Amino acid sequence: MASKLSHSIGTHTRLWYLIDARHQVVGRLASMVALLLQGKNKPIYHPSVDTGDHVVVINTGHAVLTGSKWDKKLYRHHTGYPGGLKEIVAKQLHQKNPTMILRRAVNGMLPKNLQRKHRMRRLHLYPDSAHSHALNITHQLPGPCPVFKTLSDYSSEEITSFPDIVTRISHL
Amino acid sequence: VPRVKRGVTKHARHKKILKAAKGYQASSGRNYKWAKEALMHAWSHAYRHRRQRKGDFRRLWIIRIGAACRQHDTNYSQFMHGLTAAGIEIDRKMLADMAVRDPAAFERLVALAKTD
């Protein structure tokens, strides 16, 4: 039965999402975060009302840039003075402040209107896993990129019991 | 023709314009010349936006339907394709309304769209 009472208290609240950025590609993660900040995942979305949620991203210091972007991607700004074009490589920017790359990515992916500033204020980035919003978090979301296990994630029994493919071929 | 002084008719014409411009900022809400200018822009915007309104709403409904579909493991394009394949002709306005007010029925539609 259709009725207005199908709205619950949770329909219009601002949720708090927690996302781990470890091994997540910056651009793909930023795209997902920008959608959450705008509230475009909600059927009650309207552009004039800020239906966005809070997003807490941890481990931004361990996010991934593919290719040779760490050495080649330039972040530029102009100071306003003649000859004042400042360029900084992604690697150096990351060393200076490990949250800046993701912050700039999300900022660029939000619509450029008056709501952008408010939405960016709802983005909370932390370079490591420590964050101060444990009481607020409502959901934890997986990042857009699948996380694979590295060699150090396997136990020594699993490593030794793995079938020995290389030595079997080497006798040929 | 007897001599006519233009005051009364002019006043009536101006009063009509100023009434239509009530609430406009600064001179545009008080001064006949500026009010007329502001109203010409307003009427031109209203004409254009009455036609744009149809597209604007359709775009909003599509965003809302897409958001609701993604909560049910599909996306807007797959959902609409499934609906047309199932012969369901419910329009986007009603689908978007159902997504908010009658989520159970919307979920049934998603299930119908997913069946081959």
Side-chain angles (χ1 to χ4, degrees), chain A residues 1-19 24 28-55 106 109-116 118-119 122 137-146, chain B residues 23 25 42 45-46 48-84 86 88-114:
Chain A
M1 206 50 174
S3 72
K4 283 185 184 163
L5 296 175
S6 56
H7 286 204
S8 68
I9 293 171
T11 308
H12 295 286
T13 51
R14 260 189 236 290
L15 302 169
W16 283 71
Y17 292 107
L18 178 67
I19 303 177
Q24 298 296 320
R28 291 173 192 271
L29 178 63
S31 163
M32 171 189 166
V33 168
L35 281 176
L36 291 172
L37 287 175
Q38 291 173 70
K40 278 190 129 176
N41 54 326
K42 300 182 175 176
I44 53 165
Y45 169 79
H46 197 281
S48 67
V49 177
D50 203 345
T51 50
D53 298 317
H54 291 262
V55 179
V106 175
M109 293 188 185
L110 289 173
K112 320 290 179 285
N113 57 23
L114 293 174
Q115 290 187 17
R116 183 162 73 151
H118 302 292
R119 287 168 171 158
R122 290 191 201 109
I137 302 290
T138 57
H139 300 84
Q140 175 148 14
L141 294 180
C145 307
Chain B
Q25 274 195 347
H45 291 151
R48 199 185 321 151
H49 296 161
R50 276 195 295 277
R51 281 134 185 79
Q52 283 181 0
R53 180 169 48 203
K54 298 136 182 47
D56 289 342
F57 268 110
R58 185 170 163 120
R59 232 172 282 132
L60 179 64
W61 296 329
I62 289 176
I63 291 175
R64 288 184 166 179
I65 293 167
C69 292
R70 279 167 201 275
Q71 290 176 345
H72 294 297
D73 243 356
T74 178
N75 58 22
Y76 171 82
S77 45
Q78 298 291 322
F79 174 60
M80 295 310 289
H81 177 72
L83 282 188
T84 52
I88 298 171
E89 290 178 356
I90 304 184
D91 62 1
R92 288 154 181 81
K93 176 169 150 189
M94 283 298 117
L95 286 170
D97 188 81
M98 281 162 73
V100 177
R101 294 230 179 93
D102 197 352
F106 190 83
E107 202 167 340
R108 289 277 298 131
L109 279 178
V110 171
L112 272 172
K114 282 188 190 173

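Bear in mind the structure is a predicted one, so any value in this text is a computation, not a measurement. Labels below follow one simple rule: chain letters A, B, ... track the order of the sequence lines, proteins then strands, and each chain is numbered from 1.
- When each of Met98(B), Gln71(B), Arg70(B) is scored by its heavy-atom pairs under 4.5 Å with chain A, the top score falls to Gln71(B).
- In this structure, Arg59(B) pairs ionically with Asp56(B), as a charged nitrogen and a carboxylate oxygen lie closer than 4.0 Å.
- Ring pair His72(B)/Phe106(B) is tilted by interplanar angle, where 30° to 60° counts as tilted.
- The NE2 atom of His81(B) lies 11.5 Å from the CG atom of Asn75(B); values are rounded to the nearest 0.5 Å.
- At a 4.5 Å heavy-atom cutoff, the contact between Lys40(A) and chain B is made by backbone and side-chain atoms alike.
- Both the backbone and the side chain of Ala68(B) come within contact range of chain A, with heavy atoms under 4.5 Å apart.
- A salt bridge links Arg122(A) with Asp50(A): the distance from a Lys NZ or Arg NE/NH1/NH2 to an Asp or Glu carboxylate oxygen falls below 4.0 Å.
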